[in-house]
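Below is one structure, written out as structure tokens, with a few remarks after it.
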Amino acid sequence: MINLLENMNEKQREAILLTEGPVLAIAGAGSGKTSVLTRRIAYLIYEKNVHFENILAITFTNKAANEMKQRVYDLIGVSHPRMWISTFHSMCSRILREHIERIGYKKTFQILDDDDVTQLVKSIMKKLNYDTKMFNPKIVKNYVIKIKYDKSVIDSIESPFEEVVKTVSKRYNQQLFENNLLDFEDLIVLTIKLLKEHQDVREYYQEKFKYVLIDEFQDTNNVQYDLVSLLLGKNQNIFIVGDEDQSIYAFRGANIENIRKFKRDYPKHHLVLLEENYRSTNTILKAANQIIKNNRDRISKNLFSSKGAGEQITHFKGVTARDEVEFVATKIQELKRKGYDYNDFAVLYRANSSSRSFEEVFMQKQIPYRIFGNTSFFKRAEIKDFTAYLRLMINLDDAYSFIRAISSPKRGVGGVTLDKLADFAADNSLSLMEAIDRSSEILGKSASTNLKNFKEMILDFRTKLNEISFNSLVDYILSESGYIEALKNDEKGDVRYENLLEFKTILSENEVLYQDLSKEEVLVYLLEDISLKSEESQSEILDGVTLMTLHAAKGLEFRVVFIVTMEMGLFPLNRSMMDRKDFEEERRLMYVGVTRAKELLYLTNASVRQTYGETSHNEDSCFIREINANLIDVKGYSEYVNRSFQNTVIQRKKEVSRTKLDNLNQYQENDLNKGDKITHTKFGDGVVISVVNDNCVIAFAQPHGIKRLLKDHPAISKK
DNA sequence: TGAGCGTACGCCCCG
DNA sequence: CGTACGCTCA
């Protein structure tokens, strides 16, 4: 018999054993949170004889979910691919796949990723003759998503946007519904709708999920919070784990307040504080504490570790960005010789775009690496094209995939034809596919023949699905659609073809996993997986240096961590320096990065860097200065740099970035009112259109158009 | 009507 | 530096 409490400290045991009633575990970085979660699940199953179907565990990423399943399996040998350990989105997708017909959608719904949503909003805006230069489609999209759940948000939208958002949102939601498509927000919102409107479904799940566990609670948003309450019902066996200092998803609606809200909503909860850190040396922990204590809004925690002081933190500053990359590569090779594995290293950056220079040099120096995020496999054009075919086969109503599939490769049907077809379809309440049958009424002979051929082809693919193997189906679609032929004229055709062949692997893997399902159902699951994982990229390289964003690093640990591009403007990002809340989130991101390191931490940057073809000079990231100097060993060209780059350009740049930082500490209050004429340091003269709380909307001359800005931003001055 | 070419623009994080 | 979009020409 295994002992699930082995090696657990007093607090951790408490968190594992308190299975009944609400429990809030505040878990500092590296405090063994995942062990607690997995052991708690194992304990429920193994010791308390709870069936795994009665446990719901929510993680933040699919990767974390898989890892948790694996660890539970390692502990007690119980596992099942359909265990309810998943992200909010996967869980909702699974519930909806089962019951969505109750709220009027079809079971074959497909999920749109974020890029698709932005594109769709943009195209709707164009159709409605809104100027996409004046109104940034991304901002409109964010509003459209936000008001899905909370209609009252519309009242807080400033005047010129309000109108646009209202109109676009109506059209957008209608189009999604007609095409049987869901966006990520729908997954949650529609699950709430389903549970609210259908008592039997609600009671089924409330009865089913007897024990609920939620990880990374600081990153839940309000909609997710409500969903949790709804799933719980009278059941109070809820266990949440969170750490305010690691909340880094506010841009996506995450609300730190949810932890405090939980305390209020579940007054009888037990509070468990996990403060002992098992990961890092005390030098690293001290640095982390020194950084995070600069944030205003936080409950202070006292992280401690029984590990020794360890090595000093290194700050390396190269003359050029190339030096920085070379330093990282050389250091890795050096440590590798001293006995470290490639797996022990992580290079963490703020923006995905920073990865390229590291990839190049690593490749050149033959350092194996695995890269996470970025243009993931599923976001590549050819993959999206092919999935469009598959989606269309499953869901003939999907106009979005229809357009993608019919346009790649080109088959004599262009924008004009499609517009006409869409208008005709709308007028006669038909789907695009249905409208094709009557297309000769509105279109010329060649266009309507091309459309009919396309439809026949898709219908043929549908028949073939049940007649031939997945492997043959991939080949069949690729050749019949003319896709292969088109790739021959494509410079990157070979690579794209290789990528497409990956579908064979993916399809057959899923076929094995879901043996008891029909081929159509397998395809539905596969497409769902692709949608939910479109942001993640898996790599086949097992032994390699990890390259990833700071965001993606949350929850992971490495013996050696390099946090790179530590420069004002890059990290913290320029944009964040306008607002204290954003800035504090950058600081939490730094905190997350630092606390990933177990033994060695390197902070690197450069004094000269090429960005967008232009040379720029940035000051050291302020986060470096927040660490006590006696913890840091300064290496590299920094002294040389200080002496030799005293030219005016650098001086001026430094002044600019210093001003930006100062602005954070110095409050400027602009007394702005509707109609005021102002000047903006970057956008020039403008007129205030509206002011709501801290925000204002100002109309500038083209090319800037209408901007939504912070009222008190120092760049704005009244005329 | 759609393909090809030149210009403008963007500085992110993710399910 | 790359990509996305718009314009022009075939």
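Chain identifiers are assigned alphabetically (A, B, ...) following the order of the sequence lines, protein sequences preceding nucleic acid strands; residue numbering begins at 1 within each chain.
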For the side chain of A:Thr87, counting heavy atoms from C-beta on, which of B:dC14, C:dC1, B:dG15 is nearest? B:dG15

Under 3.5 Å side-chain donor-acceptor pair for A:Tyr591 and A:Asn295: no

A:Asp183 and A:Tyr172: side chain donor to acceptor below 3.5 Å: yes

Counting only heavy atoms not in A:Lys452, do more than 12 fall under 6.0 Å of its NZ? yes

Give one of base, sugar-phosphate or nothing for A:Phe88, where a contact means two heavy atoms less than 4.0 Å apart. nothing

Please list each protein N or O that sits under 3.5 Å from an N or O in nucleotides 4-10 of chain C, with the distance.
| residue | atom | partner | partner atom | Å |
| --- | --- | --- | --- | --- |
| C:dC5 | OP1 | A:Lys122 | NZ | 3.2 |

Assess, by modelled atom type and distance only, whether the side chains of A:Tyr369 and A:Glu359 contain a donor and an acceptor separated by less than 3.5 Å. yes

Length of the line joining A:Asn142:CG and B:dC12:C1', which is rounded to integer Å: 13 Å

Once ring-ring contact (aromatic ring centres under 6.0 Å, His included) is applied, do any residues pair with A:His551, and if so which ones, sequence neighbours excluded? A:Tyr249, A:Phe251

Take atom CZ of A:Phe60 and atom C1' of B:dC14, then tell me their distance rounded to the nearest Å. 7 Å

Which residue is it: A:His617, A:Arg609, A:Arg350? I am looking for the one with a side chain to side chain donor-acceptor pair (under 3.5 Å) to A:Glu567. A:Arg609

Which nucleotide, B:dG15, B:dC13, B:dT1, lies nearest any side-chain atom of A:Thr61? B:dG15

To the nearest angstrom, how far is A:Asp114 atom CG from B:dC12 atom P? 15 Å

Whole-Å distance, A:Asn66 CG to B:dG15 P, equals 12 Å

Applying side-chain contact (heavy atoms from CB on, under 4.5 Å), can you list everything that pairs with A:Glu257, at least two apart in sequence or on another chain? A:Asn255, A:Arg260

A:Arg356 side chain near C:dG2 phosphate (N/O to OP1/OP2, under 4.0 Å): yes

Starting the side chain at C-beta, find the nucleotide from B:dC14, B:dC12, B:dG15 nearest to A:Thr549. B:dC14

Flag, side chain of A:Ser439 to backbone of A:Ala435, donor-acceptor distance under 3.5 Å: no

Using whole Å, what does the distance between atom C1' of nucleotide B:dC12 and atom CE of A:Met568 come to? 16 Å

Flag yes if more than 12 heavy atoms outside A:Glu485 fall under 6.0 Å of its CD atom; otherwise flag no. no

Show your reasoning for whether salt bridge (charged side-chain N to carboxylate O under 4.0 Å, His left out) applies to A:Arg252 and A:Asp219. CA-CA 9 Å; A:Arg252 211 172 91 179; A:Asp219 285 325; over 6 Å; no

Could you spell out the base pairing of DNA chain B in dot-bracket, with Watson-Crick or G-U pairs whose two distances are under 3.5 Å, [ ] crossing and | to another strand? ||||||||||.....

Using atom P of each nucleotide, how far apart are B:dC13 and C:dA4 to the nearest Å? 15 Å

To the nearest Å, how far apart are A:Glu216 CD and B:dG15 P? 12 Å

Return the nearest nucleotide to the side chain of A:Leu573; candidates are C:dG2, B:dC13, B:dC12. B:dC12

Rounded to whole angstroms, how far apart are CG on A:Asn352 and C1' on B:dC11? 14 Å

So, using side-chain contact (heavy atoms from CB on, under 4.5 Å) as the criterion, who are the partners of A:Ile256 when residues are at least two apart? A:Glu244, A:Ser247, A:Arg588

Short heteroatom pairs, N/O only, protein and nucleotides 2-6 of chain B, under 3.5 Å:
| residue | atom | partner | partner atom | Å |
| --- | --- | --- | --- | --- |
| B:dG2 | OP1 | A:Gly412 | O | 3.0 |
| B:dG2 | OP1 | A:Val413 | N | 3.0 |
| B:dG2 | OP1 | A:Gly414 | N | 2.2 |
| B:dG2 | OP2 | A:Gly414 | N | 2.7 |
| B:dG2 | OP2 | A:Gly415 | N | 3.4 |

Short side-chain N/O contact from A:Lys420 to OP1 or OP2 of B:dT1, under 4.0 Å: yes

Is it true that, when you exclude A:Lys146 itself, more than 12 heavy atoms of the residues, nucleotides or ligands shown sit nearer than 6.0 Å to its NZ? no

Heavy-atom nearest nucleotide on DNA chain B for A:Lys138 versus A:Glu185: which residue maps closer to 5'? A:Lys138

What nucleotide among B:dG15, B:dC13, C:dC1 has an atom nearest to a side-chain atom of A:Phe251? B:dC13

When the distance from NZ of A:Lys581 to P of B:dC13 is rounded to whole Å, what number comes out? 23 Å

Can you check whether A:Ile259's main-chain N or O pairs, donor with acceptor, with A:Gln218's side chain at less than 3.5 Å? no

